[in-house]
Amino acid sequence: MTTTIAEPVYWSAPKKAVFRFALIFFTSYIINPFELLGVRQHNLITWFAKDVLHLVIPLNTFRGGGSGDTTYNYVSLLLVFTTSLIAAILWTLFDGKARNYNKLYYWLTVIIRFYVGLMMIDYGLAKIIKVQFASPSLNILLKPYGDSSPMALAWTYFGYSTGFNYFAGLAEVSCGLFLLFRRTYYWGAILGIAVAGNIMIINYCFDVPVKIMSTGLVVMCIFLLLRDAKRLINVFFLNKAAMPADLSPHRFKKQWINITLIVIKYVLIVFFIANSL
């Protein structure tokens with residue numbers, strides 16, 4: 001019989017406080033809570049920029065254009081961070097007697113795994129099918145080298161090699177598939193730090209306007225590994241023995257709920273991959 005590490009019954013106060021913020025922030029980052037509450041996010045962001053941050057530049061001029069790193073996007077991220085911090089503080093004041101958040105932690109990792117996993121599959125398929133990095137066009141090849149933007153240089157470099165597209169795409173798709181399943185998500189998170197980290201560095205160094213998205217993917221992969229950070233450090237760096245992790249799923253008492261969730265899981269995976277293709 002294999003012994004696994006049991007979930008802690010009592011969490012320290014700092015751990016509970018950090019988790020409250022992480023839960024609210026990550027779910028708000030992934031799922032727009034303002035729209036669910038009937039509040040138009042755009043109106044809230046423009047109010048936050050004008051009346052709280054006192055920005056003099058109209059944010060309407062910074063929307064769209066295919067960029068994910070406009071002033072509008074950074075203000076939106078700051079708004080989510082600020083509201084998450086305030087909500088976490090209020091949660092702490094009204095829920096100080098909670099012993100742990102093991103179940104919430106589990107479901108938060110499920111949400112993050114699927115978000116990062118499906119995003120990585122989408123990015124990977126775009127490379128394998130050679131949509132993201134197309135072969136350099138005649139217009140690009142005839143353009144003076146010095147007139148190219150940093151992003152154009154990167155896209156020409158990556159677009160030249162079909163083999164590199166296959167390699168990078170398969171790495172991203174593999175990362176995504178690992179993350180979608182409970183028993184392999186450690187490999188997915190580790191691979192995700194390397195793969196998404198490489199994307200993040202490229203975005204920063206070549207001024208590719210997807211810095212917020214790529215940084216978010218890296219941070220989420222790191223978060224997925226924090227739960228077993230001590231075990232992973234013992235195995236990979238300290239050459240020490242480590243107890244197996246408890247990878248058993250959290251089940252509901254009513255069997256129909258568990259079956260429904262499994263069906264939704266596989267329908268979501270098939271639908272998303274088919275839609276990406």
Side-chain angles (χ1 to χ4, degrees), residues 22 25-32 66-69 73 77 80 106-134 151 154-155 157-159 161-206 208-229 232 236 245 247 249 261-262 264-277:
F25 178 77
F26 284 131
T27 52
S28 299
Y29 181 88
I30 297 170
I31 306 169
N32 187 346
S67 173
D69 291 327
N73 297 118
L77 181 63
V80 171
Y106 172 84
W107 290 111
L108 177 60
T109 59
V110 171
I111 293 172
I112 292 177
R113 286 197 295 111
F114 270 76
Y115 176 77
V116 179
L118 295 177
M119 288 294 295
M120 295 303 291
I121 290 173
D122 192 46
Y123 271 114
L125 291 177
K127 291 180 176 65
I128 293 174
I129 305 174
K130 220 171 188 313
V131 175
Q132 183 179 12
F133 299 130
M151 179 176 172
W155 252 238
Y157 171 77
F158 295 129
S161 174
T162 301
F164 177 81
N165 276 260
Y166 288 154
F167 174 79
L170 287 173
E172 292 175 7
V173 170
S174 299
C175 166
L177 291 175
F178 283 146
L179 285 169
L180 295 181
F181 299 96
R182 190 178 64 258
R183 294 188 177 277
T184 57
Y185 88 84
Y186 283 127
W187 288 108
I190 293 172
L191 185 58
I193 292 176
V195 174
N198 179 61
I199 297 172
M200 182 184 72
I201 295 301
I202 291 172
N203 291 343
Y204 278 100
C205 295
F206 287 89
V208 180
V210 201
K211 302 178 189 69
I212 294 177
M213 172 64 73
S214 57
T215 304
L217 295 177
V218 173
V219 171
M220 290 181 188
C221 286
I222 294 174
F223 177 81
L224 290 174
L225 295 176
L226 287 180
R227 180 181 180 182
D228 291 286
L232 295 172
F236 288 106
L247 297 178
L261 288 176
I262 293 173
I264 291 175
K265 169 184 175 179
Y266 286 100
V267 169
L268 177 65
I269 293 173
V270 172
F271 173 80
F272 187 88
I273 293 177
N275 185 62
S276 297
L277 289 171

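This structure is a prediction, so every number in the text was calculated from the model and none was measured.
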Of all the heavy-atom pairs spanning [X] and [Y], show the shortest one and how long it is.
{"X": "Asn165", "Y": "Gly159", "value": "ND2-CA, 4.4 Å"}
{"X": "Arg182", "Y": "Arg113", "value": "N-NH1, 3.8 Å"}
{"X": "Thr184", "Y": "Leu177", "value": "OG1-O, 4.4 Å"}
{"X": "Leu125", "Y": "Ser276", "value": "CD1-CB, 3.7 Å"}
{"X": "Ala189", "Y": "Leu179", "value": "N-CD2, 3.5 Å"}
{"X": "Cys175", "Y": "Gly192", "value": "SG-CA, 3.4 Å"}

Quick one: sort the Tyr157 and Phe164 rings into parallel, tilted or perpendicular, breaks at 30° and 60°.
tilted

Evaluate the ring planes of Trp155 and Phe158, with Trp represented by its six-membered ring, and classify them as parallel (under 30°), tilted (30 to 60°) or perpendicular (over 60°).
perpendicular

Nearest 0.5 Å, please: how far is [atom2] in [Y] from [atom1] in [X]?
{"X": "Ile212", "Y": "Asp69", "atom1": "CD1", "atom2": "CG", "result": "5.0 Å"}
{"X": "Met119", "Y": "Ile121", "atom1": "CE", "atom2": "CD1", "result": "11.5 Å"}
{"X": "Trp107", "Y": "Ile112", "atom1": "CH2", "atom2": "CD1", "result": "14.0 Å"}
{"X": "Tyr186", "Y": "Arg227", "atom1": "OH", "atom2": "CZ", "result": "6.0 Å"}
{"X": "Ile129", "Y": "Tyr166", "atom1": "CD1", "atom2": "OH", "result": "10.0 Å"}
{"X": "Ile111", "Y": "Phe26", "atom1": "CD1", "atom2": "CZ", "result": "11.5 Å"}

Report, as yes or no, whether the 6.0 Å neighbourhood of atom OH on Tyr204 holds more than 12 heavy atoms from other residues, nucleotides or ligands.
yes

Report the C-alpha separation of Ile199 and Val218 in whole Å, then their side-chain angles, then the decisive distance to 0.1 Å, and conclude whether the side-chain contact (heavy atoms from CB on, under 4.5 Å) test is met.
CA-CA 9 Å; Ile199 297 172; Val218 173; over 6 Å; no

Flag side-chain contact, heavy atom, 4.5 Å: [X] against [Y]:
{"X": "Asn275", "Y": "Asp122", "value": "no"}
{"X": "Val116", "Y": "Phe223", "value": "no"}
{"X": "Leu118", "Y": "Leu180", "value": "yes"}
{"X": "Ser161", "Y": "Phe133", "value": "no"}
{"X": "Phe236", "Y": "Ile190", "value": "yes"}

For Phe114 and Leu268: C-alpha separation, side-chain torsions, deciding distance, then whether side-chain contact (heavy atoms from CB on, under 4.5 Å) applies.
CA-CA 10 Å; Phe114 270 76; Leu268 177 65; 3.9 Å; yes

Checking side chain to side chain contact (heavy atoms under 4.5 Å, CB included) between Tyr115 and each of Thr27, Ile30, Ile31, which is the one that passes?
Ile30

Residues Phe25, Leu77; criterion side-chain contact (heavy atoms from CB on, under 4.5 Å); working and verdict
CA-CA 10 Å; Phe25 178 77; Leu77 181 63; 4.0 Å; yes

Donor-acceptor contact present, side-chain Lys211 to main-chain Ser214, <3.5 Å:
no

